[in-house]
Amino acid sequence: MADTKREIERKYASDDSGLPDLTGVAGVVAVVDKGVVLLDATYYDTADGRLGAASLTLRRRTGGTDAGWHLKVPVAPGVRDEIHAPLSDTVPDELAGLVRSRVRDAELLPVMRLRSERDLRHLVDADGTLLAEVSVDLVLAERLTGGDGVAQWTEIEVELADGADPAVLDTLDTRLRTAGVRPAASASKVARALAETAPKKKRAGKQKPAPEPVTAGDHVLAYVREQREALLALDPAVRRDVPDAVHRMRVATRRLRSTFRSYPEVLDRAATDPLADELKWLAGELGVDRDREVVTERLVTSVEELPGELLAGPVGTRLRTWSQARHGGSRERLTDVLDGARYLELLVALDGLVAEPPFRKAAGGKPGKVISRAVRKELGKLDARVQEALELAPGGERDVALHEARKKAKRVRYAAEAAVAALDGPAKTLVKSVKSVQSLLGEHQDSVMIRAALCELAEQAHADGENTFTYGVLYGREEQRAARVETELPGVWAGVRGLG
């Protein structure tokens, strides 16, 4: 099993003048010389650089205290998760799986070798606690694929210690800049190495910014591209079982599908309908884990909030057992889905759509007119669904109708999100307002799912001879929550309805 470490660091260019004195900065009482470490790393990527394009780095490194395979996944500027696997001759299966959504069926090749002479120092406080690790790295880069170029440079790297206050890096940054040290131009060593060792005719100049969206098609395609990228970026997090990753990936699939449905005047449904069907399938596969997460979180909180006199039997133990059993199976199943041909074919199809969008005539029209018309149409459909649900008597039929209204609310919200760049204020207002309705309907649907889970738990408890009183108490509370939502909905919806 691979280990994961959160890496928070900053890189600086060095003019060979060395490291300025950092004693007394950010609580640093001593700078401890840890000697020189020799590192030898081989970086892997596809021939067309798919990992680098996604700011992912995969390397096999010897030397230092963490020899082995490392996959670095971006989290935020200056923040990456470093996933470590033991040293081996070939790429470990677990790391290969984490980059499969990018690599697909391409081969991972050794593209760059970096040998570094690392002069290492520890910055410690008065108690000897490590605050940050600072190194001055003399780097020799040797291109292994696509040429035989070499490059050499020196850089300074400052990495925050585990558990240290991130503000330490800000204070150290001020000191370094005052001393004339400047941030590195490249986010990683391998990115700089690839740029500096590329054949001259292939070396990229300063990249031009992407052109601003002009037509309705430009705006819709920009949103589709954004969600496609979100789906790819979340794939490794889902495989690693990062909290909320399944939900966010599921939302990306819904946004894509909703965009295809909401903008048929822009994107030809003959081309997007098959993709929408596959996205619905993927959302369903992702939903098994998400539903479990929602139910478990709510039930755990509800049990914790109950007075002691209302707790009868091993409710907490049964809930944990039920959740873990479902989670273990669903996670294994989901990993199989992400490794399957159907999912990878979907990703290829999305790439194709982005590369050659199936635009219809209206795609070339003015965004204000085309996009606002599509959003108003979706809002009208939502209105019909909400009114239909409110006319039904409380019970199972209304529960289903409210769930359908919730799905329609999501479609309106996503259509409005795609419209923000074109319509600005009105679209932002609609997104916010519809989100409030979606949240309210989501609370209602959560109650429906939780009541079903409570019935299942109660049946299991009864079969094992346990007291089922607490499950009944929780069921009653969920009924009350659903009733409150149904009471509030007309007033909330009236405020959104006026935006149409």
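Computation of the quantities below employed the complete heavy-atom set of this structure, encompassing side-chain atoms and omitting hydrogens, waters and symmetry-equivalent molecules. None of these values were measured; they are calculated from a predicted model. The first residue of the sequence shown is numbered 1, and numbering continues consecutively from there.
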Could you tell me if the side chain of [Y] sits less than 4.5 Å from the side chain of [X], heavy atoms only?
| X | Y | result |
| --- | --- | --- |
| Arg177 | Arg182 | yes |
| Val181 | Arg175 | no |
| Arg115 | Leu38 | no |
| Val36 | Arg118 | no |
| Leu231 | Leu282 | yes |

Any side-chain to backbone donor/acceptor pair from [X] onto [Y]? Under 3.5 Å, distance only.
| X | Y | answer |
| --- | --- | --- |
| Arg113 | Leu144 | no |
| Ser302 | Arg298 | yes |
| Arg333 | Glu285 | yes |
| Arg411 | Ser258 | no |
| Asp45 | Arg50 | yes |
| Arg360 | Pro264 | yes |
| Tyr263 | Ala415 | yes |
| Arg239 | Leu338 | yes |
| Thr171 | Ala167 | yes |
| Thr215 | Ala363 | yes |

Other residues, nucleotides, ligands: >12 heavy atoms within 6.0 Å of Lys432 NZ: no
Is atom CG of Asp33 surrounded by more than 12 heavy atoms (other residues, nucleotides or ligands) closer than 6.0 Å? yes
Before giving the answer on side-chain contact (heavy atoms from CB on, under 4.5 Å), spell out for Asp66 and Arg61 the whole-Å C-alpha distance, their side-chain angles and the decisive distance to 0.1 Å. CA-CA 8 Å; Asp66 63 346; Arg61 191 171 77 179; 2.8 Å; yes
Indicate whether the side chain of [X] and that of [Y] have a donor and an acceptor atom separated by less than 3.5 Å.
| X | Y | answer |
| --- | --- | --- |
| Arg143 | Thr197 | yes |
| Arg406 | Gln445 | no |
| Glu157 | Ser135 | no |
| Glu196 | Trp153 | no |
| Arg320 | Thr317 | yes |
| Asp336 | Tyr343 | no |
| Glu155 | Tyr12 | no |
| Tyr43 | Arg59 | yes |

Go through it in stages, so that I can follow the logic: the residues are Asp137 and Lys189, the test is salt bridge (charged side-chain N to carboxylate O under 4.0 Å, His left out), and I'd like the CA-CA distance, side-chain angles, deciding distance and then a yes or no. CA-CA 10 Å; Asp137 295 344; Lys189 289 183 176 66; 3.0 Å; yes
Using the rule given for salt bridge (charged side-chain N to carboxylate O under 4.0 Å, His left out), can you reason through Glu226 versus Arg228, listing the C-alpha separation, both sets of side-chain angles and the distance that settles it, and then say yes or no? CA-CA 6 Å; Glu226 179 184 333; Arg228 189 276 308 258; over 6 Å; no
Gap separating the OG1 atom of Thr259 from the CZ atom of Arg254, nearest 0.5 angstrom: 13.5 Å
Interatomic spacing from CG in Leu279 to CG in Leu350 - rounded to 0.5 Å: 5.5 Å
With sequence neighbours left out, what residues match Glu345 under side-chain hydrogen bond (donor to acceptor under 3.5 Å, both in side chains)? none
Step by step, work out the salt bridge (charged side-chain N to carboxylate O under 4.0 Å, His left out) result for Glu82 and Lys5. CA-CA 5 Å; Glu82 182 177 279; Lys5 178 181 181 297; over 6 Å; no
Residue pair Asp81, Arg240: steps toward the salt bridge (charged side-chain N to carboxylate O under 4.0 Å, His left out) verdict: CA-CA 11 Å; Asp81 277 346; Arg240 292 163 52 209; 2.9 Å; yes
Matching residue for Ile83 among Asp3, Leu98, Leu58 - test: side chain to side chain contact (heavy atoms under 4.5 Å, CB included): Leu98
